[in-house]
Amino acid sequence: MTTLAEPRHAPAIERGLFARVVDRLGGGLVQVFMILVALFWLIPTLGLLVVSLRGETDNNSSGWWTLFTKPAQLTFDNYSNLLASGFSSSFWNTVLITVPATLLVIGIAAMAAYAFAWIEFPGRDMVFLVVIALLVVPVQIALIPIAKLYGFLGIFGSILGVVLFHVAFGLPFAIFLLRNFFAGIPRELLEAARMDGAPEWRIFATVVFPLAKPAIASLGIFQFLWVWNDLLVALVFADTDNQPMTKALQSQMRQFGTNVDILAPGAFLSLIIPLVLFFAFQRYFVQGMLAGSVK
């Protein structure tokens, strides 16, 4: 009986070894595939960078890939001309719009989300449903009423008006995202802090907010990218002196449709900041996306 039973284990051992080999090869193939996808995704960015570093004559006569055979084509004259044209003011206008709009949304939404998650007050659920309902309100519906309101308040065309608009429309999604994350924090942590006599603001600042770094980083990336790349709100509410880069590039396309030596460096400067931000905080971004998916 022993001699008959032993051969039965051999195929199982062989299948286990084969499965491990397949798993290793499969993991390696997946990594190679993902690297190829990432490189393919970065090709347009590389092409835009090369185009921004080539002269107008070279861009009109040949493709950007000819740089690899003629590296002498590289020049920073396009960026010098871009900055001389006043594009730097549009860059700083974009920063002045995006940074406050992102920080205000994070700060206000974090406090509101904590209240909706852990503070009992009359009508809490009804107010939260109203906030959720605001997620489906399209931006286009509010353009004309808010434009009239800004005209009455005297802030139409200013950076402040653009920032307030982005904050108002960024809060519903931000509150929804952070509230779901805060609700997943163990109640024991908050109860222990309350038993030690800590007030609510201290519990929020020292317990909840540090634990919410992944979700806050994800929210910050979403809000930053939305405001940085916005064109519609800038076209409606920002005048020429306060226009961000998106509106400045759009005006260049209207006036000089083939002026690639201006559009390419401007587009790359508009692209590189969000790209660097995403790669710098991608670890927190992934953690924030996965947070709350598994209880």
Side-chain angles (χ1 to χ4, degrees), residues 85-117 119 121-179 201 204 216 219-255 266-267 269-270 273-274 277:
S85 65
F87 190 81
S88 58
S89 61
S90 298
F91 174 82
W92 289 114
N93 288 337
T94 305
V95 174
L96 291 176
I97 292 172
T98 306
V99 174
T102 303
L103 295 180
L104 285 173
V105 166
I106 291 176
I108 297 174
M111 292 184 289
Y114 176 76
F116 284 126
I119 297 179
F121 58 89
R124 183 186 67 173
D125 295 337
M126 184 60 63
V127 176
F128 184 69
L129 289 177
V130 172
V131 173
I132 298 302
L134 292 176
L135 287 171
V136 301
V137 177
V139 175
Q140 293 81 358
I141 290 180
L143 293 178
I144 295 178
I146 293 182
K148 293 180 179 179
L149 177 62
Y150 282 0
F152 176 77
L153 298 176
I155 60 175
F156 185 85
S158 65
I159 291 179
L160 176 62
V162 181
V163 170
L164 292 178
F165 190 95
H166 284 301
V167 171
F169 274 85
L171 281 176
F173 173 74
I175 294 174
F176 172 75
L177 178 67
L178 294 182
R179 186 264 177 191
W201 66 266
F204 169 76
I216 291 173
L219 172 61
I221 292 174
F222 274 124
Q223 180 69 12
F224 186 93
L225 293 179
W226 179 51
V227 179
W228 185 275
N229 296 321
D230 170 74
L231 177 60
L232 177 62
V233 178
L235 285 174
V236 176
F237 296 107
D239 56 21
T240 304
D241 296 333
N242 299 316
Q243 65 180 1
M245 289 188 297
T246 52
K247 185 177 180 179
L249 290 174
Q250 189 271 343
S251 63
Q252 289 290 335
M253 291 182 65
R254 185 175 64 249
Q255 296 176 8
L269 287 178
S270 178
I273 301 299
L277 179 71

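All residue numbers refer to positions in the sequence shown, counting from 1.
Two residues are said to be in side-chain contact when any heavy atoms from C-beta on lie closer than 4.5 Å; L104 and H166 fail this criterion. Looking at I132 and F176, their side chains come closer than 4.5 Å, going by heavy atoms from C-beta outward. Residues P145 and K148 have side chains not in contact (no heavy-atom distance under 4.5 Å, counting atoms from C-beta outward). Residues L143 and F237 have side chains in contact (heavy-atom distance under 4.5 Å, counting atoms from C-beta outward). Contact annotation: the side chain of L164 approaches that of I155 to within less than 4.5 Å [non-hydrogen atoms, C-beta and beyond].
Note on ring orientation: taking the six-membered ring where Trp is involved, the planes of F222 and F173 are perpendicular (angle over 60°, cut-offs 30° and 60°).
Within a 6.0 Å radius of CZ in F121, other residues, nucleotides and ligands contribute more than 12 heavy atoms. Counting heavy-atom neighbours within 6.0 Å of I119 CD1, excluding the residue itself, gives a total above 12.
Using a distance-only test at 3.5 Å, with no hydrogens or angles considered, no donor-acceptor pair links the side chain of N242 to the main chain of A238. The main-chain N or O of S270 is found under 3.5 Å from a side-chain atom of W228 such that the two form a donor-acceptor pair. Put simply, the side chain of N93 gets close to the backbone of S89: a donor and an acceptor are under 3.5 Å apart. Using a distance-only test at 3.5 Å, with no hydrogens or angles considered, no donor-acceptor pair links the side chain of Y114 to the main chain of F204.
Ring centroids of F91 and F87 are separated by 6.0 Å or more, keeping the two rings apart.
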